[in-house]
Amino acid sequence: MPALGGAEIILIFPSNTDILNAEDLLEEKGLPFILVPVPKEVNPNCGLAISLAENDHDLILPVLEAAGLRPSAAYRRQGDDFSCLHLDH
Amino acid sequence: MIYFDNGATSFPKPAQVGTAIMAALAAPASPGRSGHAPAMAAGRTIHRARKALAKLFGLKENGRICFGPNITWALNLALMGLSLEKGQHVLSGSLEHNSTARPLAKLKAEKGLDWEIVPARQGQLWAEDFAKLIRPETKLVVLNHASNVSGALAPARAIKKAIGQVPLLLDTAQTAGSVDLDEAGSWVDLLAFTGHKGLLGPTGTGGLWVGPNINLRPCLVGGSGSRSESLEHPDFLPDALEAGTANTHGLAGLAAGVEYILQVGRESIRAHELSLTQDFLKEIIKIDELTLLGPGPGQSERVATVSINLKGWSSSDLAGALERDYGILTRAGLHCAPLSHQALGTFPGGSVRFSFGPFNKPEEIKIGVKALKSLARQKG
């Protein structure tokens, strides 16, 4: 779970099914995350996104990608500020 | 009442199916849309159904399972979504249900599709007969996995092997939940299923698994909860083929039904149903006035569906007498499968169909046999 007041990484996936598969996988592996509504500041989708503590991002992203779960976009959030992250795929 | 109409819909449902539907009805949620906790829970409920089905069918990923209202929707989506054109060739078995025969007839009449029917021999379909009819322009093979009339099980894996790269669309209406569909992804290209028969869920549920080499054009577009900013419908599965709000309540029940099968074991359900069927066949075959359609005693390439006629009885009168005099529920007539009855020589009169399910008991089979013996004597 993102540390209170710390930066978080928001991962957006193409479909809700991808999000739910990601949720299953991270829970199974005991990795920390929360599901959040997609922040409307950066993306108009109705669905859900995965929020990670910034420090956990490098650990968790490869786990998701190894299972074929590739985010369509990623953002760093600090308070109300969002910055888009480059994804290597 | 004795229920022998599981080929139409399974009854009873496991208790947890009703419980799951009631729980979903009590939740203030629309799945995949809002981000509040009950909406997330509704999304997870549908996801449970996808996961359970992927496990039952031995699929590596669940995201290519697309839900809809029934298997007719799924089969239409597959047949219409492939954008088949004039001059292209499609093969189907001769034991098809109208859920594939009517869309194929429509495509033939309206688009000029070359639809060819592979005849049954001795009431069965044979892989080599499919192989002989494959041509360069063959775009699809459509197969009813088991006849909803005679119960004959098609050799689907052998047929796929015989047709090579030509995609196989498998109608599992009478097989999913009992017959082995393991590792379906390695021998099926499009798998259509219904939720309310062998999968033990409620009516109003069904779906289509779309293989990775298949690209279907959606028949419906609209709300998906994804890419909301665009007027173009998403092109990724399952969203591409699931426009509109899903039947959360029904899918909650379907998830519970499939989880029940996984818990009890598909193999044990299959063994139970085959055992009941063999007990029934061994006895009814002794009735001189009875004509059996399809595989007889000792033949395991079948499902728990048995069609018969009795000398002197129309199918509707016989089914009526079974219900009135013995409380036995069966189904008379053509079973929405005129092609099958033509192939089996029982068109247009049809037959009386007994279809057994996981909750039928051997004592009920004995009552069914006794009833048929008595009714045969009445007009024999």
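In what follows, every chain begins at residue 1, and chains take the letters A, B, ... in the order their sequences are listed.
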Considering all heavy atoms, the nearest [X]-[Y] contact:
X: B:L237; Y: A:S15; value: O-OG, 4.4 Å
X: A:L20; Y: B:G43; value: CD1-O, 3.3 Å
X: A:P14; Y: B:F236; value: O-CZ, 3.1 Å

Look at atom [atom1] of [X] and say whether more than 12 heavy atoms of other residues, nucleotides or ligands are closer to it than 6.0 Å.
X: A:E27; atom1: CD; result: yes
X: B:E229; atom1: CD; result: yes
X: B:D180; atom1: CG; result: yes
X: A:E41; atom1: CD; result: yes

Does any part of the side chain of B:K51, heavy atoms only, come nearer than 4.5 Å to the side chain of A:D24, both counted from C-beta? yes
To the nearest 0.5 Å, what is the distance between [atom1] ([X]) and [atom2] ([Y])?
X: A:S72; Y: B:R227; atom1: OG; atom2: CZ; result: 7.5 Å
X: A:T17; Y: B:N62; atom1: OG1; atom2: CG; result: 7.0 Å
X: B:S226; Y: A:L48; atom1: OG; atom2: CG; result: 11.5 Å

Begin from the C-alpha positions of B:H47 and A:N16 and carry the test side-chain hydrogen bond (donor to acceptor under 3.5 Å, both in side chains) through to its verdict. CA-CA 9 Å; B:H47 193 57; A:N16 201 42; over 6 Å; no
Given a strict heavy-atom distance threshold of 4.5 Å, which part of A:D18 is in contact with chain B: side chain, backbone, both, or neither? neither
So which part of A:L35 gets closer than 4.5 Å to some heavy atom of chain B, the side chain, the backbone, both or neither? both
